[in-house]
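To start, the structure under review is shown below, and the notes come after it.
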Amino acid sequence: MKAGKTNIDDILKRGLRSASKDPRDQIAGTRERILHDLLSKDATAAERSVHTGTSTVAVLPWFRVAIVGTAAAILLVVVIGSAWLRKPAFAVVEDGDRAVARLEPGQVVRTGETTGTMIRLADGSRVEVRSNSELTLERAADGVGIRLAHGGVIVNAAKQRDGHLYVHTRDVVVSVVGTVFMVSAEEQGSRVSVIEGEVRVQQGKIETKLRPGEHVSTAPAPEPRAVQEEIAWSPKAGEHLALLQQSLPAQLPQAITQASEASRGRFEEASIRPCTPQQPENLPAGARGGGGSGALEITPGRLYAPCMTVARLILASHRRVLNPKDPPAILLPLLNQPLNQPVDLPNSPEDLRGGPEWILTDRYTVEATANVSADSRTMRTVMLPELLERRFQVKVHTEVEQVSALALTIVDGGLKIKPHKDGDCLNGRGVVFPNPKPRCSRMTFGFVGPNARWELGGNVLFAFTMALGMAFDLPVIDRTGNTDRFALIFEYAPDEAAPGTLRQCQKSIQRSPDQLAECTGRPTAPSIHTALNQLGLKVEPIKAPREFIVVDHAERPSPN
Amino acid sequence: MAIATIPSEEALKQEFAELFREHFEFVYCTAYTVTCSRQDAEDVLQTIFLRLLRREVPPPLKHSPKAYLYRAAVNESLNIIRSRKRQELRDDFDSLEASATTGPDEELQRHVVDAMAQLNPLAVEILILRYEHNYSDAEIAKMLGKSRGTIAVTLYRTRARLKKILLGALGDKL
């Protein structure tokens, strides 16, 4: 095979060794042998209970998900002993002022449904654990770590001499050197609230500093809860509130400002810099902000738009949901989205009208930061339009116009294809194309020799209209009224009757044929209209509504 | 204060064995595909499951043991092939699998392993899920907690990079 024609899929299939085809008994034999080795290597490691004197602390291996305990009780339970207290403990469980159980790094602590507990660390820090919580203590490189699997803790961190105290949840790391704060970890995300001092919250690459009265949430739709509410479960809530009141006055104005910026849907800070003509418009794949379809980079708490025109920024900030009247400028993966479920649909440049000429030519780099709790959709569809309005005086409205489209209908003789049933498509996954039967729940497009080919693995006709839209280069609207799913293979000639397919065919010849087979030679399949008729379908020209974004006003940006 | 119920050692072993049996094949196939060696794949299995037994792992992984085990298997396998490369134990590579597949693809397989050693772990994770486990982009995205776009782009770039590396190493032999 020539280098230029090298198909990496084939190479990888040959080049990756696979054990999945090994005989089942061989795999089972290997499995049991290794399991036996493992259990004999560490016969007692599965449970590391500490038995000292008369004290017992239950230690749970991580894989034990359900521990049945007395429902209303904390899991750690202990009868008071003294022998183990002679040696300094990593942490202890306290009952009042008494240490009642010793905790070692790695031990899992679970509290009961109604009762919390208090843990004192060796450095004097105290951790109040809410009911229904699970955490693990661990040594960190420069201090102590608490891994909060779920539930909530209020940490009164002692002043750390030369290290930090960390609280890890699934999505954030909180680090402190001495303060009082609350962390809760739920399925939807984590919340951190500060009562005294300052904490740093790390979410991915974003670090946020919080001061008394401030809180962050990583949940998609964070509930606006005050710190007072967050700590209400604590028996020491009164003490914490008093501490919060003492800490608040000096910090309150800033806290209020930050909270209000987020609630008003505004970025906290934004920088807009004009780009020179020499700065590349389309950054190469892999470059910062490049390589993607929109080139708008949104990470938690940050939006970055490298050298983009205002027109592109407006388009990026306006997203719609998929509906049957949308134009065919749509990505193939969207075709398998379930119906009636909103999905983001990118706008195309043709969707924008009006405005001064410079919004299509002048380019700006926009960098804006938001509270870490702002999700990407809010930043893109709420904060970015607000920024454009504030700094570029952008005013837009939408208009709906009747445009040329095609309607997919059933021919007089009726539909000639049968609804999908078991066995009509191939189960399992694969990247092979073409297939003798379509892959279930997939819709795949490619060229087989000189012909274009769609494989529908149990898709509704609505999805098929999306595909037809790409072929005809026009919106295609499903007017069949049929909601059945079909598994079918649709082959047609990539000729002038299907201009979109013809263009793809020409492109595929130009680029590396990694994904598409060559599209050359004289087509052997019928034209797209004949192929549709063979299915009992036809298309006819109609007018259909289409939404446009009209720019009423825009000005060059105000200085940063 | 109430009394806790502590699971018996036998019960814990039983649970561990169930977990091991449930995920063994997935982890083993992953490790074998990356390391290209049954012995190394077994070592990977031993390492990551022994870690579980000794609880040298963070508890959040219990939310998705399969994803954790998969990631651990890829990382551990990459450690092995990278250290193998560093120590230039190429002879071992051949001898370890002497009884296994032999043929024209063997040289290619060796180069694919070398090429994978140059990739970042995420790229290898995606690659193995696609080509060994035949996952779709959506399934990979769900398992790795990434967006479909990230998966598609990473896969595209990984394929391009592998192609470049392999063409550079093998040229017309491909």
Side-chain angles (χ1 to χ4, degrees), chain A residues 1 3 6 8 11-20 27 30-31 34-35 37-39 41-42 44-49 56 58 60-65 67-70 72-78 95 100 106 108 112 134 136 147 149 168 170 285-286 291-292 333 428-431 514, chain B residues 1-7 9 12-13 15-17 19-21 24-25 28-29 32-33 36 38 41-42 45-46 49-50 52-63 65 101 105 108-109 111-112 130-132 134-137 139 148-149 152-153 157 159 162-163 166-167 171-172 174:
Chain A
M1 195 183 287
T6 305
I8 191 67
I11 294 171
L12 289 174
K13 274 172 208 154
R14 285 190 290 127
L16 287 169
R17 275 194 195 174
S18 174
S20 55
I27 288 181
T30 309
R31 184 187 66 209
I34 297 176
L35 178 61
D37 286 353
L38 278 167
L39 291 176
K41 266 184 190 173
D42 203 295
T44 56
E47 182 185 350
R48 288 202 310 182
S49 296
T56 302
L60 308 178
W62 73 270
F63 55 85
R64 184 166 181 92
V65 176
I67 293 294
V68 182
T70 308
I74 60 170
L75 186 60
L76 297 174
V77 184
V78 190
D95 181 9
V100 293
V108 177
E134 180 181 316
T136 313
R147 289 200 176 268
H168 303 257
R170 191 158 43 101
R429 310 170 189 97
V431 290
D514 269 351
Chain B
M1 209 174 275
I3 303 298
T5 307
I6 301 172
E9 191 176 317
L12 291 169
K13 273 188 185 176
E15 282 182 42
F16 175 80
L19 178 94
F20 180 85
R21 289 193 177 104
F24 169 81
E25 191 170 343
Y28 179 72
C29 289
Y32 178 70
T33 306
C36 222
R38 291 184 200 286
E42 290 189 18
L45 262 292
Q46 295 256 6
F49 278 98
L50 200 56
L52 298 193
L53 266 176
R54 291 176 173 161
R55 291 178 302 106
E56 295 164 359
V57 287
L61 62 89
K62 77 166 186 282
H63 295 296
T101 324
D105 288 342
L108 171 63
Q109 288 167 353
H111 283 285
V112 169
R130 166 55 58 86
Y131 288 96
E132 166 63 12
N134 292 324
Y135 275 35
S136 67
D137 282 3
E139 288 164 324
R148 266 169 84 166
V153 168
R157 289 177 183 165
R159 286 152 44 102
L162 283 175
K163 186 174 173 179
L166 293 172
L167 277 173
D172 287 344
L174 282 176

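What you are looking at is a predicted structure, and each value in this text was computed from that prediction instead of being measured. Residue numbering restarts at 1 for every chain, and letters A, B, ... go by the order of the sequence lines.
- Put simply, the side chain of A:Leu35 does not reach to within 4.5 Å of the side chain of B:Phe24, judged on heavy atoms.
- Listed for the B:Gln46 side chain is no donor-acceptor partner under 3.5 Å among the backbone atoms of A:Leu38.
- In terms of heavy-atom proximity, A:Ile8 sits nearest to B:Leu166 at CD1-CD1, 4.3 Å.
- In this view, B:Arg21 and A:Glu32 satisfy the salt bridge (charged side-chain N to carboxylate O under 4.0 Å, His left out) rule, not counting sequence neighbours.
- Closest approach of A:Ser18 and B:Thr33 over heavy atoms only: CA-OG1, 4.2 Å.
- In this view, B:Glu25 and A:Arg24, A:Ile27, B:Cys29 satisfy the side-chain contact (heavy atoms from CB on, under 4.5 Å) rule, not counting sequence neighbours.
- Considering all non-hydrogen atoms of both residues, B:Arg38 and A:Ala19 come closest at NH1-CB, 4.3 Å.
- Scanning all heavy atoms of the two residues, the minimum distance from B:Glu42 to A:Ile34 falls at CG-CD1, 3.7 Å.
- Here the closest heavy-atom approach between residue A:Arg17 and residue B:Glu132 is recorded as O-OE1, 4.1 Å.
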